[in-house]
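Since the structure comes first, as structure tokens, the remarks are kept for the end.
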Amino acid sequence: MKMGTALIYDEEMTKYKLLWVDPACKIEVPERLTVSHDALVRNSLADRCVAIPVREATDAEILLAHSEEYLEAVKKTPYMTLEDLKEFTLQYGDVYFHPNIYHCAKLAVGAALQLVDSVVTGKVRNGMALVRPPGHHSMRSAANGFCVFNNVAIAARYAKQKYGLERVLIVDWDVHHGQGVQYCFEDDPSVLYFSWHRYEHQKFWPQLRESDYDSVGKEKGAGFNINVPWNKVGMENSDYLSVFCHLLLPVAYEFCPDLVLVCAGFDSAIGDPEGEMCATPDIFAHLTHLLMNLAGGKLCAVLEGGYNLTSLPQAVCQTVQTLLGDPLPQPANLSGPCTSALESLHCVRSAHRPYWSCLKHAADLPTSDISTKRIKLAEEEEEKTPKEEEKSTEEKVWPEPPKRVAPPVRSVALLPKDVTCPEGCKRFSSSEALDPLTVSKLRENFLKDADDGDALTTLSSLISITEEMKKNEICSGLALVRDVTMAMMCVVQHAAAALSNRVLVVCVGNGKVPSHIAEEGKALVVQIGSESTEEQKCKYYIPVCLKKGCSDMSGFIQAVFGLFLPLGYEYDPSLVLLVRMPDSRIHDRMWQQLTALLQSFAQGHTLVLMQEDEKACVGPTASSLLGDPAPPLERLQAPLPQDMEAMERLRHRLQADWKLLQITAPESG
Ligand SMILES: NCCCNCCCCCC(O)(O)C(F)(F)F
Ligand SMILES: [Zn+2]
């Protein structure tokens with residue numbers, strides 16, 4: 001049943017601010033919280049959430065990540081004079097204290113813990129805590145970077161201690177490196193910390209050597225700390241999605257966490273004075289969605305940074321709206337990752353090769369070459385682009401994120417009469433008759449036996465469904481049909497021709513896929529099976545072969561992240577057709593993951609075709625189409641080397657046409 005999304009906010013956390021002049025801290029203002037919460041209210045998102053009250057963290061909870069002496073010292077700040085507060089602040093970096101900040105810092109931790117409780121106990125599915133002060137820079141005995149207590153680090157320790165969780169994933173999409181989190185868990189294999197951050201070869205704050213990609217964790221924690229340094233500003237949506245598809249998601253699925261915590265900083269969005277990046281607010285809808293099928297959907301997002309009072313609230317709304325299950329926006333201008341991002345991606349993948357089987361086949365240049373290569377590339381790039389002396393002063397502008405309207409009907413089911421319609425789905429019955437022209441075309445093009453009334457009804461129903469999707473009256477649908485190949489042909493033909501959709505066709509399992517539907521590019525067909533069907537003839541027909549077939553979860557999930565998602569994002573379809581070929585042998589859980597992840601595209605307009613005898617798949621498919629998180633896959637073992645090598649070759653061959661498939665910088669020179 002549909003569980004809710006928690007929203008944790010209390011205006012008490014706006015009641016502290018900078019009381020003296022400090023250029024480094026002036027951007028951290030109470031309005032950050034008020035504009036974000038007001039936007040959630042204004043967009044009718046707050047009242048769709050479950051409001052969970054904040055509470056003060058106890059000493060014991062704070063001591064999960066901080067020393068007694070530090071806590072005792074902070075406890076004294078409410079009674080300090082302005083001069084004492086200034087004095088006290090001097091011992092830390094880029095942070096300020098205020099008589100009320102200790103109270104607010106306890107509330108920020110308490111908010112994160114309330115969120116963890118609500119999600120882990122199943123009171124809600126997922127949620128977001130809007131807090132200040134932020135947390136990810138604060139260390140065991142030091143405040144730093146506007147942070148007093150490490151909200152998310154404490155939440156991770158708390159979740160493990162109170163609920164016995166074995167593995168927690170922390171994704172830090174804030175534009176600064178959360179060194180406090182890294183220090184907390186660097187020798188701990190039960191907490192995987194992932195952070196990307198503006199770095200500029202250690203020139204950007206906090207200018208730490210240990211923020212680079214070669215800090216992979218220590219001792220038992222080796223491999224469980226992932227740093228992606230951005231060595232240039234101006235990173236865009238493509239750069240973020242590439243790192244998710246080719247690094248974070250494959251590793252996260254292999255890690256198989258019991259809970260996902262997000263250090264949700266939005267200073268990585270366009271317009272932010274700190275990040276100076278160019279990713280648009282709607283990309284956070286996609287980043288959130290891509291994480292929502294881990295840990296059975298248990299996702300807690302806790303606000304960290306974000307200083308542009310326009311892009312911050314927009315990105316917060318995009319994140320919460322996705323947590324609520326609304327259809328995703330069409331991703332904006334994906335032009336492919338930049339050279340610098342590819343170089344960082346390559347370095348991180350190589351550094352983590354020894355620890356993650358999904359990265360085993362990362363092209364192996366010894367890291368030393370990479371560092372010299374890195375410097376050389378960086379210098380070349382510098383020569384090319386004129387040195388930007390002063391910070392780009394012109395105001396960044398970007399379009400309002402598109403309205404994400406949930407269609408009146410979430411999902412329809414076209415089923416034989418004897419098959420019950422899953423709860424939440426609407427049984428489709430072609431009410432109005434199709435126009436006679438379409439019917440006659442169906443007869444001549446698709447029906448073997450022109451008098452096969454049932455087949456005609458099925459095909460005309462499918463056509464009606466695609467038309468109602470086009471009008472956004474339906475979001476998604478599933479159909480049990482006698483002949484999936486004929487149904488696929490019919491839908492693609494109609495959707496591509498009559499409705500001028502770009503159709504992404506994902507065929508799971510062997511079987512002849514008439515590749516001519518891909519010829520003119522109106523459809524991109526990817527097929528995954530156990531036989532190498534005819535070689536990849538054209539740019540728009542991409543066969544993926546797994547030695548052990550679709551029952552091999554490890555290989556399958558690598559194809560999903562390394563190929564299907566990047567291709568789908570770049571192709572940007574307006575309809576996704578997911579076809580389960582007969583005897584595909586795909587596991588239900590993998591099928592549900594795929595059904596859920598493909599809703600990244602086409603604003604969720606997914607049509608699933610299955611053979612009539614696969615009645616057992618109707619329920620699980622419907623639950624994914626209705627936005628329920630797909631159940632977690634179990635821990636994945638290593639994918640077959642020959643499968644991964646074949647995928648590398650395929651990706652290498654395709655990346656000229658499909659930029660989002662790139663994972664290394666183009667050969668320099
Ligand atoms: N140009 C002024 C220099 C500011 N240097 C300190 C930046 C601190 C960033 C804090 C944050 O955004 O990472 C957090 F999430 F913690 F709030
Ligand atoms: Zn930040």
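Computed from heavy atoms alone, side chains included, the values below leave out hydrogens, waters and symmetry copies. Counting starts at 1 for both ligands and their atoms, in listed order.
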Any idea which atoms of ligand 1 are less than 4.0 Å away from a heavy-atom of [X]?
X	answer
Cys147	16 (F)
Tyr307	9 (C), 10 (C), 11 (C), 12 (O), 14 (C), 17 (F)
Asp94	3 (C), 4 (C), 5 (N), 6 (C)
Gly305	12 (O), 14 (C), 15 (F), 17 (F)
His176	7 (C), 9 (C), 11 (C), 12 (O), 13 (O)
His136	11 (C), 13 (O), 14 (C), 15 (F), 16 (F)

Just the protein N/O/S atoms under 2.8 Å from the Zn ion (ligand 2), please, no waters.
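Asp174 OD1, Asp174 OD2, His176 ND1, Asp267 OD2, with waters left out.
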
Sub-6.0 Å ring centroid separation between Trp173 and Phe194:
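Judged by ring-centre distance (under 6.0 Å), Trp173 and Phe194 do not meet the cut-off.
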
Tyr70 six-ring face occupied by Arg140 cation (under 6.0 Å, within 45°):
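Not satisfied by the 6.0 Å and 45° rule.
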
Is it true that the side chains of [X] and [Y] contain a donor and an acceptor less than 3.5 Å apart?
X	Y	answer
Asn227	Gln182	yes
His176	Asp174	yes
Gln318	Arg404	yes

Test of understanding: given a 4.0 Å heavy-atom threshold, classify the contact between Glu28 and ligand 1 as side chain, backbone, both, or neither.
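Looking at Glu28 and ligand 1, no heavy atom falls under 4.0 Å.
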
I need the contact type for Glu304 against ligand 1. Using non-hydrogen atoms and a strict under-4.0 Å cut-off, is it side chain, backbone, both or neither?
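Answer for Glu304: both.
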
Atom CD of residue position Glu11 - does it have more than 12 heavy atoms of other residues, nucleotides or ligands inside 6.0 Å?
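Atom CD in Glu11 is not crowded, with 12 or fewer foreign heavy atoms closer than 6.0 Å.
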
Quick check: does Trp205 get an N/O under 3.5 Å from an N/O on ligand 1?
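Such a contact does not occur with ligand 1.
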
Look at the aromatic rings of His177 and Tyr193 and report parallel, tilted or perpendicular, splitting at 30° and 60°.
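His177 and Tyr193: tilted rings.
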
Check side-chain hydrogen bond (donor to acceptor under 3.5 Å, both in side chains) between Asn144 and all other residues, then give those that pass, not counting sequence neighbours.
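Result, side-chain hydrogen bond (donor to acceptor under 3.5 Å, both in side chains) vs Asn144: Gln179.
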
Name all residues meeting the side-chain hydrogen bond (donor to acceptor under 3.5 Å, both in side chains) criterion together with Gln314; count only those two or more places apart in sequence or in a different chain, and write none if there are none.
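Listed in chain order: Trp398.
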
Qualifying residue, where the test is side-chain contact (heavy atoms from CB on, under 4.5 Å) with Cys263 and the options are Ile170, Asn150, Leu303:
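For Cys263, the side-chain contact (heavy atoms from CB on, under 4.5 Å) test succeeds with only one of Ile170, Asn150, Leu303, which is Ile170.
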
Determine which pairs satisfy salt bridge (charged side-chain N to carboxylate O under 4.0 Å, His left out) with at least one residue from residues 91-106, sequence neighbours left out, and list them in order.
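Counting only pairs at least two positions apart or across chains, the salt bridge (charged side-chain N to carboxylate O under 4.0 Å, His left out) contacts touching residues 91-106 are Glu56-Lys106.
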
Would you call Gly265 a ligand 1 contact, heavy-atom distance under 4.0 Å?
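Heavy atoms of Gly265 never come under 4.0 Å of ligand 1.
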
